[in-house]
Amino acid sequence: MAKRLLRPPASPRGPQFGRASSDLLYDFLTNLNDRNKDKLNNLSENSGVFKDKTLIECIFLMTQKLRLDVLVGYHAVETLERFMIKHLEDRFAADDQPSNYRDVVFEELREKFPVIVFSCVQLASKLSLQSRMIDNDAAVRFLHKMGLSVSKQTLLESELLILKGLEYKLNAPNPLVYVEILLEILGHNESSTPVEHLYHLCCHVLQFTCLQRTAIYDSLLMATTQCASPSREQREKFLTVTEDGMLLGVGVIAAATYVIAVNKWEQVVNELNHITGISQKSIMDFSSVMLMHITKTDSCDLST
């Protein structure tokens, strides 16, 4: 299924590189770094639960079917994850719950979940400047084709539930934003880097990495701990790695560079280290694991 997804979207897009000033790029990077650190400092123990391969694939296919910009899919995934964790934690916060309370909550969500997923896509489409907005008429028609009989009122209530749950804070950075901003800065600092060509390959590498998220991060954890069966404590500590958007961004760019411009790979890794402060070894290790899974080899050590 992942292979079927790895093709250009129906309406290809791409940022216009080389147009931002140094001051603006500095502000972009500072803001992105601050928000990434804030996220890592306030992680829920349930982070990543709603980034299941099947769920991400469903969202990507939905945005593709609706001919939405690829950025909408990534934004929808982040919105869904943030909302569902917050919603469930709020629902389960009370101490005086009846014995069957969790079952009731999950049964209620089971019925609403398909509409919640779609509402995250719809909200993301409304925030994208590059994509058409999915209004409620189009939404009802689309869901009907998918076998769901949903009224406009239900869609409005679903959107409002998400908006209130996230306190109307929808514009959180997503993985593609990290890649785009880092590529923009990379191209500014190293003008010989083919960032336009890199961008299109990065989109494919990022999509593959998100779909194979569990397998890739499990391999990275085993490589980091040198342990075939990491303990629960090791996995809990590794959560900050799996949720680090900046690390994901540099890993994707490094992996794409190795494929498309191997002669510039070390130079790009060095520059990504300079931009983000992430060690060259961490960038190499992560990109090695990505390429190992992309090529389906047992090992892929790029540092040798």
Side-chain angles (χ1 to χ4, degrees), residues 2 33 35-57 74 77-78 80-93 95 97 99 101-103 105-106 109 172-175 178 205-255 258 269 272-273 276-304:
N33 190 51
R35 298 182 75 175
N36 189 51
K37 286 182 178 179
D38 183 64
K39 175 186 176 182
L40 296 179
N41 289 332
N42 295 282
L43 282 179
S44 164
E45 62 181 9
N46 296 309
S47 294
V49 170
F50 292 94
K51 291 180 180 175
D52 172 77
K53 175 184 176 181
T54 303
L55 188 52
I56 292 178
E57 186 174 43
Y74 288 104
V77 170
E78 294 300 316
L80 179 65
E81 159 105 341
R82 292 170 58 231
F83 167 72
M84 289 303 302
I85 290 175
K86 180 73 164 52
H87 182 71
L88 289 174
E89 289 179 347
D90 288 346
R91 294 287 297 271
F92 296 146
D95 295 327
Q97 299 170 353
S99 58
Y101 181 71
R102 285 178 175 264
D103 293 337
V105 171
F106 283 125
L109 279 174
N174 65 67
Y178 282 94
V205 174
L206 178 61
Q207 188 181 64
F208 179 88
T209 302
C210 288
L211 289 170
Q212 300 296 329
R213 170 187 168 87
T214 300
I216 288 174
Y217 280 111
D218 278 351
S219 294
L220 183 61
L221 174 59
M222 287 187 283
T224 301
T225 61
Q226 294 293 301
C227 178
S229 299
S231 65
R232 180 176 178 179
E233 182 181 3
Q234 287 174 317
R235 290 186 177 278
E236 289 175 351
K237 290 181 178 180
F238 196 69
L239 186 61
T240 55
V241 175
T242 66
E243 297 302 312
D244 190 337
M246 201 70 80
L247 176 63
L248 176 58
V250 297
V252 166
I253 294 171
Y258 190 84
V269 169
L272 290 172
N273 159 247
T276 65
I278 298 173
S279 71
Q280 294 177 33
K281 184 179 186 305
S282 294
I283 298 173
M284 291 177 180
D285 288 347
F286 198 13
S287 55
S288 295
V289 170
M290 288 180 187
L291 289 169
M292 179 185 74
H293 282 270
I294 290 171
T295 59
K296 296 183 179 179
T297 55
D298 293 330
S299 64
C300 188
D301 186 358
L302 308 184
S303 61
T304 57

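Basis for what follows: all heavy atoms, side chains included, without hydrogens, waters or symmetry-related copies.
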Hey, does [Y] have a side-chain heavy atom less than 4.5 Å from the side chain of [X]?
X: S44; Y: K86; answer: no
X: I294; Y: T209; answer: no
X: S47; Y: E81; answer: yes
X: L248; Y: Y178; answer: no
X: V77; Y: N174; answer: no
X: I216; Y: F208; answer: yes
X: D218; Y: R235; answer: yes

If I take atom [atom1] from residue [X] and atom [atom2] from residue [Y], how far apart are they, to the nearest 0.5 angstrom?
X: L40; Y: R35; atom1: CG; atom2: CZ; answer: 13.0 Å
X: R213; Y: T242; atom1: CZ; atom2: OG1; answer: 5.0 Å
X: D285; Y: S219; atom1: CG; atom2: OG; answer: 12.5 Å
X: R232; Y: K237; atom1: CZ; atom2: NZ; answer: 14.0 Å
X: L80; Y: K51; atom1: CG; atom2: NZ; answer: 10.5 Å
X: L109; Y: L88; atom1: CG; atom2: CG; answer: 5.5 Å

Taking all atoms of both residues into account, what is the closest heavy-atom pair of [X] and [Y], and its distance?
X: A254; Y: L272; answer: N-CD1, 4.3 Å
X: S279; Y: N273; answer: CA-ND2, 3.8 Å
X: S282; Y: I278; answer: CB-CG2, 3.9 Å
X: C210; Y: I56; answer: O-CD1, 3.6 Å

Tell me whether [X] contacts the main-chain N or O of [Y] through its side chain, where contact means a donor paired with an acceptor under 3.5 Å.
X: Y74; Y: Q207; value: yes
X: Y101; Y: R91; value: yes
X: N36; Y: G245; value: yes

Among I253, L291, V252, whose side-chain contact (heavy atoms from CB on, under 4.5 Å) with V205 holds?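 Exactly one pass, corresponding to V252.
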Parallel, tilted or perpendicular: which one describes the rings of F238 and Y217, with boundaries at 30° and 60°?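 Answer is perpendicular, since the angle exceeds 60°.
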Does the side-chain contact (heavy atoms from CB on, under 4.5 Å) test come out yes or no for T240 and L43, once each step is laid out? CA-CA 8 Å; T240 55; L43 282 179; 3.9 Å; yes
Under a 4.0 Å N-O cut-off, is there an ion pair linking R82 with E243?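 Result for this pair is no, no salt bridge flagged.
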